[in-house]
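Data block below; observations after.
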Amino acid sequence: MAASCVRTVGSFLGKCGNSCSSINSVTSQLSRQVLRRQICVSSALHRKNQSNRTPPKFTAEFIEQQVEEFNIGKRHLANMMGEDPENFTQEDIDRSIAYLFPSGLFEKRALPVMKHPDEIFPKQKAVQWGEDGRPFHFLFYTGKQSYYSVMHELYNKIQNLEKYQDRLRAKGLFSQDVKQISLGSSRWLTKEEVEGVLVETITDHNYNRLIQLMERLLSMPYCALEEEFVMRYRQQLETQSRKQTVPPLQRDERGVAFSTAEGRRKTSNSTVVLRDCGSGKVSINGQESIRYFPVLQDREQLMFPLQFMDMLGRFDLECTVSGGGRSSQAGSLRLAISRALLSFLSEGEMENMRQVTVFRSVAAGLEGCSKLYAAVIGRFSVSQLMVLSAWRSCRWLTGQLFRPLALLKKLHLDKSFHIV
Amino acid sequence: YLYAHLRLSIFPLDTGCFHCSERIVQLPSWNGFVFVEAVVFIFLYGFQLVSSLFVSFQACHSEKHVGQFYTVPPAHVRIVFPYGLPRRYIEQVKTFNEACLMVRQPALEVISYLKKTDFSKPALRYVFYGVRGSGKSLSLCHTVHFCYTQGWLVLHIPDALRWVKDCTELLPSSYNTSRFDQPLQAVEWLRNFRTTNEQFLSKIKIKQRYVWTKREFTEEGSLLGELVDQGISRVKSSSDVVGALMKELRLQSGQPESNFRLAVAVNSVNALWGKSNIMKEDRSAVDPEELTLIHNLRKLMNNDWTGGAIITTVSQTGSVLIPKSAYLPQELLGKKGFDTMDPFVPVSVPNYSEKEFESCYLYYMDRHWLQHPQSLTEDGKKELIFLSNRNPTMLERICSSL
């Protein structure tokens, strides 16, 4: 085996004329050495790889100077706009810049921006060793000092909590039902976000260990004492149902219960009045649903919230809608109907509806309102999606269909949604 | 024998039709047989009607039959409606292998008026109107079938819009140079007329001499059948033949010596006074007045003749340059049309009532047309009601094949 390798290596090296490593050295260290292969290199490769370039380093003085300039510029801007320089907030700055530099570009990142230098220049590690060359932090030589310091801190806190619990047990004051940290509306920071906070790269393994340790901290009953520390590594979510205000149930002169709600989708706005009459009449902008929505798909969109709660023939719908195209009008009406329906439902049913109907809008929101997602994901069950994606020719489609699911998984949200 | 015959005649019959047996004039005899046998059958066995969906021939329809289906005998379908039924309905007929029409209030109303017409007075005009897909054409067909079974002479123009739109061949008229002929449409219509009114062709004689070309003429006193054959064989003069036919029938229908009643049934009558799609060689639009067929038909629409009735529908579907929201007779007929048609009896054709919807739904279930398991449940029915808004066409489209 070794002999044949030598022969190939030898011939190879002979062919390429590599004179750097002699054949003797190769034979002796064959198992260990990485065989150096001479490949044809083009001149392009000699140019430095652009993306591997390290980001430019900014010194602390430079950043300070930028901050000064920013403050002076802020006062100038306030002067220009005729406002009070002392109380000129960031919102005012944004407004003024948008006014002074109007732009028709859609990409937000291409518009002119004036923000505090801390938000513009990437966070950089301050100099970590003194004049004598000795590093300041005791964990400097681990290579990831912030990460390991966080881990140490966490473990310290866990040990302190355990000691605290032991003391309470000794006094007999230990109780299980202490106020817990409410985690329902937040999620763990992703690896990239943690890297941003710590200003250093960490591996997946590191990230998983951090999360594990955090979970261990949270499993202890008295973790509420360290809530502020934990919350530093959690991102608040905008949950729909927290902000969802149930429209009040009103009664008109005849005693018939009705509720009003609004909905929006893309550029359409709609209002729906849901009356508890017992007839299934639907009127949209004064016209019948068949006249206003000749396409079956739009009428199905109107039907879904009522069908889900089995209340099809019960309500009278009086809708007004404007703006957008036919699909977005139907979508906005659907949202308005679901909202108006909330006032006729109990809490459990409302939660049920949220988990199903919100999935569609969350998917749309996450992926930027792509019609394909919203239409496909919202209308098919997971089993049907699997069947669809089983076609070999639709492998791309499979990937696309499950992207929202994959993203949700990444955000640790997959458990909180019931996928229908 | 009883069983076999009943199976052929489809379903047990409603007992309410006793009194009507003497009114049946010109029906094929087997219908009467079935009726009598069914009565005997019911007497003998005295059982509850299995399917109250279906009723017998429509001559004896009354208020309590609203919502029930009746079958047009296949022979009648071929004769009365060679080209009369809406396209989707023809497909349904082919699929179910039978032509079942629902008995609905508007058609019943017009039929009751027709039964009571005084034939010495000028012809009354009835106009079916309603939203798109509410069943106007089929109500017209129901009425036409009734007239046929009562032995009237039926002048059925299944779609006046076909004469006003997309005409490929347009000849300058030989009779009047300012007008245009439509030979293909005229020939087609004459053929259908011949199929429907076979029995009258040999009975009616024309009272005037018509000269078609230098050598062709139709003598006074010859049969109507000859006139029609002349039109079919000589395509060039077919539009004028149509005009002559209409004139003859109009003049003869009220006379005491003629023994026929004339029923003029026009679908989408608003085409006569609307705009047309056809263009002349110099790309200017053709006014419907300039078309021979339309011109003669308009003369028929006037109520200056007696001994019959004019039944029409107005529809927006397929009409040229009319907004989709228009469905009332005044909007669709326009000023000229309304003035001509005035006074008329407007008959509104609404969407299905609850009972009618139920009946239609049960009919589809009975025919195993609704295959989805969800559609057979209560919830499925509610879905259908919501999505179709009880509109007959919409319901048919939702339930139809892909």
Side-chain angles (χ1 to χ4, degrees), chain A residues 272 274-319 321 326-327 329-331 333-334 336-338 340-341 344 349 353 356 379-381 383-384 420, chain B residues 88 129-136 314-319 322-328 331-332 348-358 360-361 364 370 372-402:
Chain A
V272 162
L274 215 63
R275 277 178 221 274
D276 195 356
C277 303
S279 72
K281 256 185 15 161
V282 176
S283 86
I284 306 172
N285 283 358
Q287 300 176 13
E288 284 181 6
S289 62
I290 305 272
R291 266 263 294 279
Y292 197 80
F293 286 134
V295 179
L296 185 67
Q297 177 191 329
D298 303 330
R299 275 173 279 145
E300 280 180 346
Q301 291 291 304
L302 290 188
M303 186 184 71
F304 283 144
L306 300 170
Q307 187 202 19
F308 184 74
M309 308 309 309
D310 289 326
M311 292 175 176
L312 261 179
R314 185 171 143 191
F315 293 105
D316 214 23
L317 296 172
E318 209 180 298
C319 322
V321 65
R326 74 173 167 92
S327 232
Q329 283 187 345
L333 277 175
R334 173 178 162 159
I337 292 173
S338 347
L341 204 54
F344 291 96
E349 287 172 327
M353 208 160 99
V356 171
R379 293 177 69 184
F380 290 110
S381 67
S383 50
Q384 282 174 317
V420 168
Chain B
R88 287 191 84 95
Y129 72 95
V131 293
R132 180 178 173 155
S134 59
K136 307 181 282 290
V314 285
S315 73
Q316 190 276 331
T317 326
S319 55
I322 290 191
K324 255 202 203 164
S325 54
Y327 74 98
L328 295 167
E331 299 164 343
L332 289 171
S348 141
V349 182
N351 287 334
Y352 280 152
S353 65
E354 287 189 20
K355 188 174 161 209
E356 286 173 343
F357 181 88
E358 186 75 42
C360 188
Y361 176 74
Y364 283 145
L370 300 170
H372 199 280
Q374 170 75 0
S375 61
L376 302 172
T377 61
E378 265 303 309
D379 294 330
K381 200 161 94 168
K382 283 192 195 158
E383 268 182 57
L384 286 174
I385 296 179
F386 188 93
L387 288 176
S388 65
N389 205 20
R390 292 213 185 89
N391 187 285
T393 309
M394 275 299 142
L395 178 64
E396 197 269 314
R397 270 174 203 261
I398 294 173
C399 300
S400 70
S401 51
L402 291 166

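To find a chain, count down the sequence lines: A is the first, B the second, and so on, and within it residues start at 1.
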Handout entry: Top of B:Asn391, B:Ile385, B:Asn389, B:Val131 for chain A proximity - count of heavy-atom pairs under 4.5 angstrom
Key = B:Asn389

Completion exercise
Among A:Gln287, A:Glu288, A:Lys281, A:Met303, the residue with the most heavy-atom pairs under 4.5 Å to chain B is A:Met303

Problem - Any side-chain heavy-atom pair of B:Tyr129 and B:Ser348 under 4.5 Å - result: yes

Practice task
Please tell me if the side chains of A:Tyr292 and A:Gln329 come closer than 4.5 Å, counting only heavy atoms from C-beta onward.
Solution key: yes

Handout entry: Whether over 12 other heavy atoms sit under 6.0 Å from B:Lys324 NZ
Key = no

Practice task
Check whether any side-chain heavy atom of B:Glu396 sits under 4.5 Å from a side-chain heavy atom of B:Tyr364, and report yes or no.
Solution key: yes

Problem - Segment of A:Leu306 engaging chain B (4.5 angstrom heavy-atom cut-off) - result: side chain

Exercise for the section: Measure distances from B:Ser388 to the heavy atoms of chain A and classify the residue's part below 4.5 Å as side chain, backbone, both or neither. Expected result: backbone

Exercise for the section: Inspect the surroundings of CZ in A:Arg314 and state if more than 12 heavy atoms from other residues, nucleotides or ligands are less than 6.0 Å away. Expected result: yes

Exercise for the section: Please state whether the side chain, the backbone, both or neither of B:Leu387 comes within less than 4.5 Å of a heavy atom of chain A. Expected result: both

